[in-house]
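Everything below concerns the one structure shown next.
Residue numbering restarts at 1 for every chain, and letters A, B, ... go by the order of the sequence lines. FYI, side chains are in, hydrogens and waters are out, and symmetry mates aren't considered; it's all heavy atoms of this structure.
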Amino acid sequence: MNAESEFERRVKRVLKGLEPGEVATYGEVAEEAGYPRGARAVGNLLKRSSDGLPWWRVVRADGSLAAPHSREQRELLESEGIRVGDARAFSTRPRGNGI
DNA sequence: CCCCTGACTAGAA
DNA sequence: TTTCTAGCCAGGG
């Protein structure tokens, strides 16, 4: 009855791999899940099944938080020691050049 | 099978 | 700098 697709399974695994204090963008999650163009699908998945998943550790590519839960998300991020300046939490993922 | 929606992204104005 | 548009993906009707 749990008709979860491979996409859903992969994305969930990536989300569960996120540790407290770590932040990633929808695109990064999708890419690590094996779907470099599935950022939108990732957001859709969290909307449907965010239970049991650290959805608050996922932010937009520009650092802005998710619209319908930005307030709650900000509280959770700051609770994990993440500085949310002007509602912007940048990904903690390593970049190509380091900055 | 076709059409629409959405917790997205990159590029143009 | 901000705002708008086109493109992409999966799910639901």
Side-chain angles (χ1 to χ4, degrees):
Chain A
M1 34 177 182
N2 206 335
E4 50 183 47
S5 296
E6 190 172 321
F7 168 79
E8 184 176 340
R9 191 195 327 172
R10 281 184 179 263
V11 173
K12 282 186 176 179
R13 201 178 83 183
V14 174
L15 292 171
K16 289 177 182 176
L18 291 172
E19 299 176 27
E22 188 172 16
V23 176
T25 69
Y26 292 92
E28 287 170 336
V29 174
E31 189 174 44
E32 291 182 25
Y35 295 75
R37 302 291 176 193
R40 212 168 190 177
V42 172
N44 267 331
L45 176 61
L46 286 175
K47 178 191 170 187
R48 291 206 296 251
S49 303
S50 59
D51 34 271
L53 299 170
W55 60 267
W56 60 90
R57 291 174 195 153
V58 185
V59 300
R60 285 183 171 169
D62 64 333
S64 57
L65 308 182
H69 297 283
S70 57
R71 235 260 297 235
E72 188 179 358
Q73 185 169 18
R74 176 175 175 167
E75 297 290 303
L76 287 161
L77 288 173
E78 291 193 342
S79 187
E80 295 186 349
I82 299 173
R83 287 254 260 114
V84 183
D86 207 19
R88 299 249 162 80
F90 288 88
S91 171
T92 62
R93 289 299 200 203
R95 292 200 180 187
N97 202 23
I99 282 292

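Put simply, the side chain of A:L18 does not reach to within 4.5 Å of the side chain of A:V23, judged on heavy atoms.
A close approach under 4.0 Å does occur between a side-chain nitrogen or oxygen of A:S5 and OP1 or OP2 of C:dG11.
Using a 4.0 Å heavy-atom criterion, one finds that A:Y26 contacts the bases of the nucleic acid, with or without backbone contacts as well. Among the protein residues, A:A41 comes within range of the nucleic acid bases, having at least one heavy atom under 4.0 Å from a base atom. At the heavy-atom level, A:S70 lies nowhere under 4.0 Å from the strands shown.
A:E75 and A:R71 are not joined by a salt bridge, as no carboxylate oxygen comes within less than 4.0 angstrom of a charged side-chain nitrogen. Ion pairing between A:R93 and A:E32 holds under the 4.0 Å rule for side-chain N and carboxylate O. One finds no salt bridge joining A:R48 and A:E8 here, because no Lys/Arg side-chain nitrogen approaches an Asp/Glu carboxylate oxygen to under 4.0 Å.
What separates CG of A:D62 from P of C:dT3 is a distance of 12 Å, to the nearest Å. Between A:L46 atom CG and C:dC9 atom P the separation is 18 Å, expressed in whole Å. The nearest whole Å value for the distance from the NZ atom in A:K12 to the P atom in C:dA10 is 16 Å. A straight line from CZ of A:R48 to C1' of C:dG11 spans 4 Å, rounded to a whole angstrom. Look at CD on A:E8: it is 9 Å from P on C:dG12, rounded to the nearest Å.
Bounding nucleotides for the chain A contact on DNA chain B, 5' to 3', at a heavy-atom distance below 4.0 Å, are B:dG6 to B:dA10.
The aromatic ring centres of A:H69 and A:W56 sit 6.0 Å or more apart.
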Query raised in the report: Could you go step by step and tell me if A:R37 and A:E31 meet the salt bridge (Lys or Arg N to Asp or Glu O under 4.0 Å) rule?
Result: CA-CA 7 Å; A:R37 302 291 176 193; A:E31 189 174 44; over 6 Å; no

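Judged by distance alone with a 3.5 Å cut-off, a donor-acceptor contact links the side chain of A:R40 to the base of C:dG7.
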